[in-house]
Asker: 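Mind looking over this structure? Questions follow.
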Amino acid sequence: MKSVYKLAVLLLFSSILLTAFAEENHSIGINKDIEGIIKRGELRVAITAVDQPPFYFVDKTGKLTGYDIDLASKMANELGVKLVVTRDAPAFNDLVTLVANGKADLAVSKLSRTLTRSKTVKFSTPYMTFKQGLLFNRLVLAKVSGEGEVNRYIRNYTGTIGVIANSSYANYAKTNFPAAKIQEYKTWDEAVQALTDGKVLSVYRDELEIKRVLSSIPQSSLTLKPVYFTDLTDPIAIAVKNENSQLLYWVNIFLENQTKMTADEILATYSNQ
């Protein structure tokens, strides 16, 4: 009986050791996300195939530049590795898929942090937060609402809103303006063109993009009317694969040490490149 008892104790002790060993290896495996990047010698960052100036765009010399590119470059330098940018994502939602599948370490691509996307990936703390806004065709707006009635008209908005397909604003529009007709376009430029042509009454995006449109169109104050919302914001963050908790922790600390820039400051810094 003593032999049986000793054997049982030995088996129990071995089981405890094996469990502890497995948990330790699991913990080490989770924390190897940064180690894997360093061993590979590359930080793989995903951005969309379509330029999103001033965050990322090909400048006059053919170089990929912009705020997000500078941010990603700084992260790669801190890790001591080469930055590799992938542009395999046709739309913003596709960035989430790339990161979730491990085809990119990070998505640094003016990516809005939303509840839907957070089901698939983890997000850093926002490195920028914009006010949301509608940009109206002033001439078309005048036909449906008087100047003094615009705010009341917007609260019960039933007009047509142009948005980028498969973007956060396509979802924001459905949530914030349920009675409106949503028209999706492949790119922001196509949506803006539809606005100027009078095909849609408004386009919906963040304050920076609206300000960029206003600055690019001569005498825009005569044809376009911006409306910004103080209670609707767009947090911009970096997407990380769910399992890469150590990388997410590192990214958050990195972002804490970066100088915050406003929409106007970003436009001023990158508009002439």
Side-chain angles (χ1 to χ4, degrees), residues 48 50-57 59 66-68 91-92 110-112 128-236 261-273:
T48 59
V50 179
D51 284 1
Q52 301 294 330
F55 285 85
Y56 49 93
F57 58 99
D59 66 14
Y67 182 86
D68 279 348
F92 288 99
K110 201 198 174 192
L111 187 63
S112 299
M128 202 164 293
T129 300
F130 297 121
K131 287 183 286 188
Q132 296 182 22
L134 286 170
L135 182 60
F136 285 91
N137 182 311
R138 189 182 289 274
L139 300 178
V140 179
L141 181 63
K143 296 179 182 178
V144 296
S145 174
E147 186 68 26
E149 301 176 339
V150 170
N151 289 336
R152 184 172 63 183
Y153 176 76
I154 292 172
R155 281 196 295 269
N156 303 292
Y157 191 41
T158 58
T160 306
I161 301 177
V163 295
I164 302 173
N166 296 314
S167 71
S168 58
Y169 278 85
N171 292 326
Y172 288 155
K174 294 172 185 176
T175 300
N176 298 325
F177 305 102
K181 180 181 178 182
I182 312 302
Q183 182 65 50
E184 297 189 3
Y185 294 91
K186 184 177 180 180
T187 67
W188 174 239
D189 288 342
E190 289 179 9
V192 172
Q193 188 61 53
L195 176 71
T196 57
D197 291 343
K199 294 179 180 179
V200 295
L201 177 56
S202 64
V203 290
Y204 188 27
R205 214 173 175 194
D206 61 77
E207 59 179 304
L208 182 144
E209 295 296 342
I210 291 175
K211 289 177 179 179
R212 192 169 69 85
V213 170
L214 293 173
S215 65
S216 67
I217 299 178
Q219 297 183 317
S220 59
S221 61
L222 300 177
T223 58
L224 301 174
K225 179 180 179 61
V227 175
Y228 303 111
F229 304 100
T230 57
D231 58 333
L232 298 176
T233 58
D234 184 12
I236 306 301
M261 295 181 71
T262 65
D264 291 330
E265 288 171 339
I266 291 176
L267 286 171
T269 302
Y270 294 97
S271 60
N272 295 322
Q273 296 187 27

Asker: Is the F57-Y270 ring centre distance short of 6.0 angstrom?
Answerer: no

Asker: Between K110 and D68 (salt bridge meaning N to carboxylate O under 4.0 Å), is one present in this structure?
Answerer: no

Asker: Going through the distances and angles, do Q52 and F92 end up as a side-chain contact (heavy atoms from CB on, under 4.5 Å)?
Answerer: CA-CA 11 Å; Q52 301 294 330; F92 288 99; 3.8 Å; yes

Asker: Quick one: closest heavy-atom pair of A173 and V163, and the distance?
Answerer: CB-CG1, 4.2 Å

Asker: Please report the shortest heavy-atom distance between F130 and A263, naming the atom on each side.
Answerer: CE2-CB, 3.8 Å

Asker: Rounded to the nearest 0.5 Å, what's the gap from CZ on F136 to CD1 on I161? Could you check?
Answerer: 7.5 Å

Asker: How far does OH of Y172 sit from OG1 of T233, to the nearest 0.5 angstrom?
Answerer: 7.0 Å

Asker: Testing the basics here: between G162 and A191, what is the closest heavy-atom pair and its distance to 0.1 Å?
Answerer: C-CB, 4.5 Å

Asker: Given L134 and F177, is the side-chain contact (heavy atoms from CB on, under 4.5 Å) satisfied, shown in steps?
Answerer: CA-CA 11 Å; L134 286 170; F177 305 102; 3.9 Å; yes

Asker: If we ignore hydrogens and angles and just use 3.5 Å, is the side chain of R212 paired with the main-chain N or O of P54 as donor and acceptor?
Answerer: no

Asker: Say you draw a straight line from CD of Q132 to CD of E207; how long is it, rounded to the nearest 0.5 Å?
Answerer: 10.5 Å

Asker: Among side-chain atoms of Y56 and T48, is any donor-acceptor pair under 3.5 angstrom?
Answerer: yes

Asker: Could you measure the distance from the OG1 atom of T160 to the CG atom of N137? Nearest 0.5 Å is fine.
Answerer: 11.5 Å

Asker: Start with the C-alpha distance between L214 and L135, add both sets of side-chain angles, then the distance that settles side-chain contact (heavy atoms from CB on, under 4.5 Å), and finish with yes or no.
Answerer: CA-CA 9 Å; L214 293 173; L135 182 60; 3.8 Å; yes

Asker: List the atom of A91, the atom of A165, and the distance in Å for their closest heavy-atom pair.
Answerer: CB-O, 4.2 Å

Asker: Quick one: closest heavy-atom pair of T262 and E265, and the distance?
Answerer: N-OE1, 2.9 Å

Asker: Do L195 and L224 have side chains that get closer than 4.5 Å, going by heavy atoms?
Answerer: yes

Asker: Could you walk me through whether T223 and R138 satisfy the side-chain contact (heavy atoms from CB on, under 4.5 Å) test, starting with their C-alpha distance in whole Å, then the side-chain angles of each, then the deciding distance to 0.1 Å, before giving a yes or no?
Answerer: CA-CA 5 Å; T223 58; R138 189 182 289 274; 5.6 Å; no

Asker: Is any side-chain heavy atom of I164 closer than 4.5 Å to a side-chain heavy atom of R205?
Answerer: yes

Asker: Of the options Y228, Y169, Y157, which is the one that meets Y204 in a ring pair (Phe, Tyr, Trp, His ring centres under 6.0 Å)?
Answerer: Y169

Asker: Is there side-chain contact between V203 and W188, with heavy atoms separated by less than 4.5 Å?
Answerer: yes

Asker: In Å and rounded to the nearest 0.5 Å, what is the OG1 to CG distance from T129 to D206?
Answerer: 11.0 Å

Asker: Which of parallel (below 30°), tilted (30 to 60°) and perpendicular (above 60°) describes F55 and Y67?
Answerer: perpendicular

Asker: Write down the atom of E184, the atom of A170, and the distance for their closest heavy-atom approach.
Answerer: OE2-CB, 3.8 Å

Asker: Quick one: CG on D234 to CE on M128, what's the gap to the nearest 0.5 Å?
Answerer: 11.0 Å

